[in-house]
There are 2 protein chains.
Amino acid sequence: MSLRHAVLGLLAIKPSTGYELTQRFDLSLSHAWQASHSQVYPALAKLETDGLVEVLSEGARRSRTWGITPAGRNELRDWLVESEVDRGQRNESGVRWFLFQLLDPADRREVIEREIEYTERTAAMLGSLAGRTDDPNPLEPSIDLGQRINAVMLEWLHDQLDGLPGDDER
Amino acid sequence: MSLRHAVLGLLAIKPSTGYELTQRFDLSLSHAWQASHSQVYPALAKLETDGLVEVLSEGARRSRTWGITPAGRNELRDWLVESEVDRGQRNESGVRWFLFQLLDPADRREVIEREIEYTERTAAMLGSLAGRTDDPNPLEPSIDLGQRINAVMLEWLHDQLDGLPGDDER
DNA sequence: GCCATCATGTAAAAGGTTACATGATTTT
DNA sequence: AAAATCATGTAACCTTTTACATGATGGC
């Protein structure tokens with residue numbers, strides 16, 4: 001279970017209310033982890049009983065701002081450094097590309113073109129994230145990685161398109 | 001739910017018993033999808049009532065070999081071509097790299113080195129898969145993609161290592 | 001005063017993992 | 001004959017998603 005670690009991590013970056021955490025899962029972690037508020041609130045309650053997070057302040061509308069405790073930082077650090085990475089992560093795109101070969105050329109073309117569009121949109125999004133020279137962005141490394149992977153993905157997709165039986169033949 | 005589609009896909013490649021399917025999930029799809037036998041058997045039963053798979057033959061030890069029906073092929077094709085890709089795939093490594101910045105340089109070095117080892121092992125494994133020139137491998141494209149992504153990953157990891165505060169300073 | 005949004009929670013249903021259970025065949 | 005492996009299934013538990021439910025505040 002790494003929902004708790006994702007929550008700890010987000011709180012280590014910045015204290016937040018449960019509501020804000022839900023938004024941050026959507027904005028900055030949606031490509032890697034999702035959690036809706038119905039998971040976040042119980043998770044915070046559990047982390048509190050474990051002494052890993054604490055309420056820093058209470059605000060309007062019954063809101064509570066949570067922060068990570070020193071014990072929470074230890075737990076997070078141990079997870080990141082000492083624990084085994086779970087490599088058996090489910091990946092729907094992986095399944096799709098694995099089964100891709102079963103499609104006839106016309107369908108393959110359609111799938112590839114759809115994916116090229118998506119990849120180009122992602123590239124643009126990553127580009128705008130990286131382009132902010134004003135602040136020294138601590139996320140720069142993972143954005144950079146995303147851009148590099150996106151680039152090879154695009155290349156590969158075009159190679160796959162080129163490899164299709166040409167529609168100029170008769 | 002794409003467990004059903006993964007099962008349909010594997011059966012579209014080759015008819016199998018439930019037991020063999022479990023093994024094939026482990027061998028060829030473990031990087032993208034896992035399913036244990038306790039998931040596979042009920043899934044086959046469900047797919048049968050839906051008319052998407054059928055028993056082709058019964059063998060020793062009460063074993064039954066399943067195949068995909070024409071309706072099953074339609075369902076699989078529709079999923080691959082017509083349905084939206086679920087992009088919100090959970091990715092523990094993604095979370096880890098996102099939170100990576102929170103670690104101090106010594107810990108970062110440890111994590112990167114561990115990851116370089118893993119990536120090199122993966123590269124070797126992919127290389128041996130791709131090196132089989134004897135059969136025209138229909139999985140070649142996804143192996144190729146895996147190799148390319150692995151290569152940028154390795155580059156990025158070395159760049160991250162180089163970017164760490166040097167331990168030659170005093 | 002009404003609506004949108006902020007804010008927090010619980011409950012039901014679906015999906016997935018681990019453990020339990022059993023029997024048949026092959027290998028040693 | 002015992003052990004390993006093939007082969008299938010169910011049950012309990014945990015996690016995740018979707019739906020239900022409610023109240024507070026700020027802007028119009």
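For clarity, every value in this text was computed on a predicted model and none was experimentally measured. Proteins come first, then strands; the chains are lettered A, B, ... in the order of their sequence lines, and each starts at number 1.
- Here dG23(D) presents its P atom at 17 Å from CZ of R64(A), a figure rounded to the nearest Å.
- Nucleotide dA7(C) holds its P atom 8 Å from the CD atom of Q23(A), rounded to whole Å.
- Side-chain contact between W33(A) and S2(A) is present, with at least one heavy-atom pair separated by less than 4.5 Å.
- F25(B) places its CZ atom 10 Å from the P atom of dG16(C), with the value rounded to the nearest Å.
- Taking atom CD on Q89(A) and atom C1' on dT16(D), their separation rounds to 17 Å, with Å as the unit.
- Between Y19(B) and dT8(D) there is no side-chain polar atom (N or O) within less than 4.0 angstrom of OP1 or OP2.
- Residue order along DNA chain D, read from the 5' end via each residue's closest nucleotide, puts L3(A) first among H37(A) and L3(A).
- Salt-bridge check for R64(B) with E20(B): failed, with every basic side-chain N at 4.0 Å or more from each acidic carboxylate O.
- Residue-to-nucleotide contacts include no donor-acceptor pair under 3.5 Å from the side chain of S63(A) to the base of dT8(C).
- Between the base of dT8(C) and the side chain of R62(A) there is no donor-acceptor pair shorter than 3.5 Å.
- Taking for each of E20(B) and R90(B) the nucleotide of DNA chain D with the nearest heavy atom, the 5'-most of the two is the partner of E20(B).
- Taking CZ of R108(A) as the start and CG of D104(A) as the end, the distance is 7.5 Å to the nearest 0.5 Å.
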Exercise. Any chance you could lay out the salt bridge (charged side-chain N to carboxylate O under 4.0 Å, His left out) test for E92(A) and R96(A), step after step, and finish with the verdict?
Key: CA-CA 6 Å; E92(A) 190 183 296; R96(A) 284 173 182 264; 2.9 Å; yes

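- Within the structure, every side-chain polar atom (N or O) of R61(B) is placed at least 4.0 Å from both OP1 and OP2 of dT22(C).
- Atoms CG (L29(B)) and P (dG16(C)) sit 14 Å apart, rounded to a whole Å.
- Side-chain contact between L76(A) and L52(A): absent, with no pair of heavy atoms (C-beta onward) separated by less than 4.5 Å.
- Listed pair R4(B) / dA14(C) fails the phosphate criterion, with no side-chain N or O lying under 4.0 Å from OP1 or OP2.
- E58(A) places its CD atom 13 Å from the C1' atom of dT8(C), with the value rounded to the nearest Å.
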Practice problem: Please report the C-alpha distance between R148(A) and D159(B) in whole Å, then the side-chain angles of each, then the deciding distance to 0.1 Å, and finally whether the salt bridge (charged side-chain N to carboxylate O under 4.0 Å, His left out) criterion is met. | Solution: CA-CA 12 Å; R148(A) 294 192 196 187; D159(B) 287 353; 2.7 Å; yes

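- Between Q39(A) and dT15(D), a side-chain N or O to OP1/OP2 separation shorter than 4.0 Å is absent.
- Inter-residue side-chain proximity for L164(B) and I112(B) is flagged as met; some heavy-atom pair is nearer than 4.5 Å.
- Residue Q34(B) has no polar side-chain atom (N or O) positioned under 4.0 Å from OP1 or OP2 of dG16(C).
- In the helix from dG1(C)-dC28(D) to dT28(C)-dA1(D), the end axes, each obtained as the rotation axis mapping the C1' atoms of four pairs onto the next four within a five-pair block, lie 10° apart to the nearest 10 degrees.
- At a threshold of 4.0 angstrom between heavy atoms, the contacts of T17(A) are confined to the sugar-phosphate backbone, with no base atom among them.
- Scanning residues 41-51 of chain B for heavy-atom distances under 4.0 Å to DNA chain C yields an empty list.
- Between the CG atom of L21(A) and the C1' atom of dT8(C) there is a distance of 13 Å, given to the nearest Å.
- Taking 4.5 Å as the limit, every side-chain heavy atom of D26(A) sits out of range of all side-chain heavy atoms of Q34(A).
- For the pair R4(A) and W79(A), the cation does not sit on the ring face, since its NZ or CZ is not both under 6.0 Å from the ring centre and inside 45° of the axis.
- For the side chain to side chain contact (heavy atoms under 4.5 Å, CB included) with P15(A), the lone residue among L21(A), L56(A), I68(A) that qualifies is L56(A).
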